[in-house]
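The block underneath contains the structure these notes are about, expressed in structure tokens.
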There are 2 protein chains.
Amino acid sequence: MAGRERTKRDVTLKQVAKAAGVHSSTASRALDPSKRHMLGTEVVERVTAAATSLGYRRNSLAASLRTQRSRLVGVLLPDLTNSVFSPILGGVTEALGEADYSVVIADVGTAGEHQLRLFNELLARRVDGLILATASRSDPLVERTLESGVPTVLVNRAESGNRVGSVVSDDSEGMRLAVEHLIDLGHREIAHIAGPPHLSTGFLRRRGLEKSLSAHGLLPAATTIAGAFSREEGRLACLALLDKAPKATAIVAANDLLAMGAYEALRERGLNCPGDISIVGHNDMPLVDMIAPPLTTVRIRHRTMGREAARLLLCQIEDADTPVQSIVLMPELIVRESTRRL
Amino acid sequence: MAGRERTKRDVTLKQVAKAAGVHSSTASRALDPSKRHMLGTEVVERVTAAATSLGYRRNSLAASLRTQRSRLVGVLLPDLTNSVFSPILGGVTEALGEADYSVVIADVGTAGEHQLRLFNELLARRVDGLILATASRSDPLVERTLESGVPTVLVNRAESGNRVGSVVSDDSEGMRLAVEHLIDLGHREIAHIAGPPHLSTGFLRRRGLEKSLSAHGLLPAATTIAGAFSREEGRLACLALLDKAPKATAIVAANDLLAMGAYEALRERGLNCPGDISIVGHNDMPLVDMIAPPLTTVRIRHRTMGREAARLLLCQIEDADTPVQSIVLMPELIVRESTRRL
DNA sequence: GCTAATTATGCAATCGAATGCACAAGCCGG
DNA sequence: CCGGCTTGTGCATTCGATTGCATAATTAGC
């Protein structure tokens with residue numbers, strides 16, 4: 001008596017069919033828009049009526065088993081909480097939802113072995129496709145997806161091999177924007193807080209910065225590599241930077257979180273931004289326009305990135321012969337008050 | 001020739017069984033830790049060896065169909081991008097992942113009818129449970145979950161009926177902390193930017209504020225209701241507030257985003273925070289410690305909230321007779337520089 | 001008015017794994 | 001040395017929907 005009855009079995013297609021006085025196969029066709037036309041209109045109506053009155057809900061598990069398509073896409077994320085990845089995920093689910101796909105998420109955190117487990121779990125669920133936001137520049141997981149033959153798209157981070165589709169921001173261009181801006185303002189001693197080099201974002205942004213600098217006959221005043229894209233690592237890196245290059249007048253951080261850490265480091269050292277040192281970030285994450293001073297940064301359309309990744313993946317799912325595509329999104333410089341004319 | 005062969009069929013249990021020279025049912029048992037003991041050790045080894053060498057991965061679709069358990073939980077979110085919900089989701093996936101469940105997400109956005117579609121989609125996938133972060137104070141969806149008999153837990157927002165489990169922050173206590181703090185600082189003219197009253201957070205925080213105020217024989221200097229928990233609505237509400245209660249010395253915003261809007265409004269009016277007006281937020285979202293001035297706010301452990309919701313849900317899934325539980329998490333006041341002694 | 005073509009529906013197999021039941025082999029005690 | 005018990009494995013059904021093929025009913029054509 002106590003407790004909700006769990007035994008309330010779902011209505012099956014067969015029950016609907018019986019209620020409508022037809023065979024289950026007929027009911028199946030009646031409820032499938034693309035097959036409805038094979039049936040008499042009167043029958044279709046009778047079946048749909050029976051279905052709604054019984055509260056029928058088709059069991060996608062069974063359907064997927066039969067059709068070999070789950071309409072499920074797996075998304076592997078390094079960190080759900082990170083303001084880079086949540087809008088990406090938002091864009092992905094939005095675009096996928098419009099195409100009637102659902103999204104299973106796997107938030108990796110850090111552990112590497114853990115990541116493989118999650119990957120296997122997704123494949124066991126027979127996802128129709130995979131979106132990886134976790135890829136390192138040479139990622140064993142990419143190998144695995146290739147083996148398994150699951151359509152896959154990389155997002156935000158690319159891998160070196162270019163063996164699967166990807167959607168990324170043009171990191172080189174982003175750094176060019178940042179560097180040109182600083183040079184316009186008269187800066188020459190420009191230092192860099194780099195991101196982890198095993199990630200394409202860390203690696204490419206550093207290379208982009210160096211390239212843009214050398215186009216002006218300059219070298220970085222100094223570079224420190226942060227252990228992770230985090231505030232604390234940014235603080236540490238900036239502290240190191242201030243020691244290595246005391247003459248630097250500007251710092252380009254590989255992303256906003258690192259820039260935030262740099263803010264803290266500056267404050268600790270009694271330095272003023274932008275008075276003593278200008279800072280440029282990357283991503284334009286929420287609220288960086290409200291901090292003191294409002295951060296000059298390179299804006300990336302993360303949501304769009306997610307949407308495009310979903311679009312690419314859908315192409316691959318629908319047509320296995322789709323060639324491997326890579327989309328590169330253009331970033332935009334947002335000038336605020338953390339950079340000033342020298 | 002061109003294009004990846006999609007036809008690479010997955011290895012089935014039957015194939016593994018044949019390779020190991022046993023029947024598929026035996027293979028099934030050999031691969032199930034809880035049934036392994038029924039078998040001879042030698043057979044178990046032969047099967048597991050065959051499984052790994054063939055690269056077998058069990059088809060959870062088929063397994064779920066047979067066992068009537070999908071080990072899948074659906075999470076309905078109002079906005080993935082919102083810094084309140086991403087840590088909640090993070091906590092949920094973390095805790096659920098530890099119990100070998102996967103998470104399907106449905107990001108509602110706004111549209112109400114859309115929400116019902118997503119809900120139906122989740123049920124069609126036969127999720128074992130549901131976590132709703134979208135609930136309004138009287139939500140038709142709660143009705144639906146009750147009907148369907150799917151174990152459900154509400155998170156962050158509760159509904160009035162208390163008919164399903166929930167995990168929320170003690171909004172009343174949060175507001176008490178904020179009010180006591182301001183009163184300690186000598187404030188008497190305290191205004192409120194309230195959240196949408198159809199959400200428990202909006203409603204309960206307002207009521208909590210009024211209760212705490214009246215415990216000191218005070219009334220709100222004024223209250224404006226924001227149309228949504230957004231920066232822009234906060235700005236608008238604050239502007240209105242400044243007109244309604246020009247003598248107010250402090251504003252309590254129903255959340256940080258509204259507080260951010262208030263900052264902008266103050267700036268527009270040439271007012272200084274905390275010089276002219278003190279402001280308290282709610283949530284302690286990322287970066288509010290970096291803005292100018294650093295925001296005094298009520299911290300909520302969103303990740304914990306997610307974890308607890310997952311825990312509650314697992315109890316309900318595992319034992320249908322688990323009574324409806326409601327967990328209320330204690331918030332914490334974080335004093336920074338947006339509030340000052342009068 | 002009879003065959004051919006068409007349309008509408010039913011039948012039965014299938015997807016892959018799990019599991020109740022049957023059965024065989026081995027063991028024990030009396 | 002045999003009946004009963006335990007242990008290990010196989011058989012066949014089941015989960016719920018989809019779909020190729022067969023067939024019944026209807027229409028068209030001549």
Side-chain angles (χ1 to χ4, degrees), chain A residues 6-48 50-51 54-72 123-128, chain B residues 7-48 50-51 54-72 121 123-128:
Chain A
R6 176 69 63 73
T7 14
K8 186 197 297 176
R9 300 288 294 221
D10 291 299
V11 181
T12 77
L13 187 58
K14 214 187 261 176
Q15 296 173 36
V16 173
K18 193 162 58 183
V22 298
H23 191 262
S24 69
S25 63
T26 304
S28 172
R29 290 188 263 256
L31 297 175
D32 179 347
S34 77
K35 297 234 174 79
R36 249 203 254 307
H37 69 272
M38 315 173 100
L39 267 39
T41 43
E42 192 265 345
V43 173
V44 172
E45 268 172 41
R46 227 166 55 223
V47 172
T48 46
L54 290 180
Y56 171 71
R57 205 166 358 230
R58 131 167 176 283
N59 185 331
S60 2
L61 256 35
S64 296
L65 178 59
R66 175 66 224 251
T67 60
Q68 306 282 355
R69 308 196 71 237
S70 61
R71 299 198 82 81
L72 207 57
L123 286 200
R125 291 201 185 269
R126 297 301 189 264
V127 292
D128 289 339
Chain B
T7 15
K8 186 198 294 175
R9 299 287 295 220
D10 290 297
V11 181
T12 77
L13 187 59
K14 215 187 256 176
Q15 296 172 36
V16 173
K18 193 161 59 182
V22 297
H23 191 264
S24 69
S25 62
T26 304
S28 173
R29 291 189 262 256
L31 296 175
D32 179 347
S34 77
K35 299 234 173 80
R36 250 203 252 306
H37 70 273
M38 313 175 101
L39 267 38
T41 43
E42 192 266 344
V43 174
V44 171
E45 268 172 39
R46 228 167 54 225
V47 173
T48 47
L54 290 180
Y56 171 71
R57 209 169 352 233
R58 133 166 174 282
N59 185 330
S60 1
L61 256 35
S64 296
L65 178 59
R66 176 66 227 252
T67 60
Q68 307 282 356
R69 309 196 69 238
S70 61
R71 299 198 81 83
L72 207 56
E121 171 65 23
L123 286 200
R125 292 202 183 269
R126 297 303 188 265
V127 293
D128 290 340

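Keep in mind that this is a model prediction, so the values were computed, not measured. Below, chain A is the first sequence line, B the second, and so on; all start at residue 1.
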Output yes when a side-chain donor or acceptor of A/Ser70 lies under 3.5 Å from a complementary backbone atom of A/Arg126, and no otherwise. yes

Which whole-number value in Å describes the distance from A/Leu13 CG to D/dT19 P? 12 Å

Taking CG from A/Leu61 and C1' from D/dC15, how many angstroms apart are they, rounded to a whole number? 10 Å

Rounding to an integer number of Å, can you tell me how far B/Lys18 NZ sits from D/dG10 P? 15 Å

How long is the line joining NZ of A/Lys14 and P of D/dT19, in whole Å? 18 Å

Does the side chain to side chain contact (heavy atoms under 4.5 Å, CB included) test come out yes or no for A/Val16 and A/Val11, once each step is laid out? CA-CA 7 Å; A/Val16 173; A/Val11 181; 4.0 Å; yes

Should A/Arg58 and A/Leu31 be marked as a side chain to side chain contact (heavy atoms under 4.5 Å, CB included) after you check the CA-CA gap, both sets of side-chain angles, and the distance that decides it? CA-CA 9 Å; A/Arg58 131 167 176 283; A/Leu31 297 175; over 6 Å; no

Please identify the 5'-most and 3'-most nucleotides of DNA chain C with any atom under 4.0 angstrom from a heavy atom of chain B. C/dC15 to C/dG20

Quick check against the 3.5 Å criterion: does B/Arg46 have a side-chain atom that pairs as donor or acceptor with the backbone of B/Ala20? yes

Set out, in order, the CA-CA distance, both residues' side-chain angles and the distance that settles side chain to side chain contact (heavy atoms under 4.5 Å, CB included) for A/Asn59 and B/Leu65, then state yes or no. CA-CA 9 Å; A/Asn59 185 331; B/Leu65 178 59; 4.1 Å; yes

Could you check how far CD of A/Gln15 sits from C1' of D/dC15, rounded to whole Å? 13 Å

Using atom types as modelled and distance alone, determine if a side-chain donor or acceptor of B/Ser24 lies under 3.5 Å from a backbone N or O of B/Leu13. no

Rounded to the nearest Å, what distance is computed from the NE2 atom of residue B/His37 to the C1' atom of nucleotide D/dT9? 14 Å

What is the distance, rounded to the nearest whole Å, between atom CZ of B/Arg66 and atom C1' of D/dG16? 12 Å

Closest-nucleotide ordering on DNA chain D, the 5'-leading residue of B/Ser24 and B/Leu65: B/Ser24

Contact class for A/Arg58 vs. all strands (heavy atom < 4.0 Å): base, sugar-phosphate, or nothing? sugar-phosphate

A/Thr12 near the nucleic acid: base, sugar-phosphate alone, or nothing, with a heavy-atom cut-off under 4.0 Å? sugar-phosphate

Between the base of D/dG16 and the side chain of B/Arg126, is one N or O donor paired with an acceptor at under 3.5 angstrom? no

For A/Thr67, answer base if it contacts any base atom (sugar-phosphate contacts may also be present), sugar-phosphate if it contacts only those atoms, and nothing otherwise; contact means non-hydrogen atoms under 4.0 Å. sugar-phosphate

In whole Å, what is the span from the CZ atom of A/Arg57 to the P atom of D/dG16? 15 Å

For B/Arg36 and B/Ala30, indicate whether the former's side chain and the latter's backbone hold a donor-acceptor pair under 3.5 Å. yes

Nearest-nucleotide wise, let me know which of A/Ala63 and B/His23 is further upstream toward the 5' end of DNA chain D. B/His23

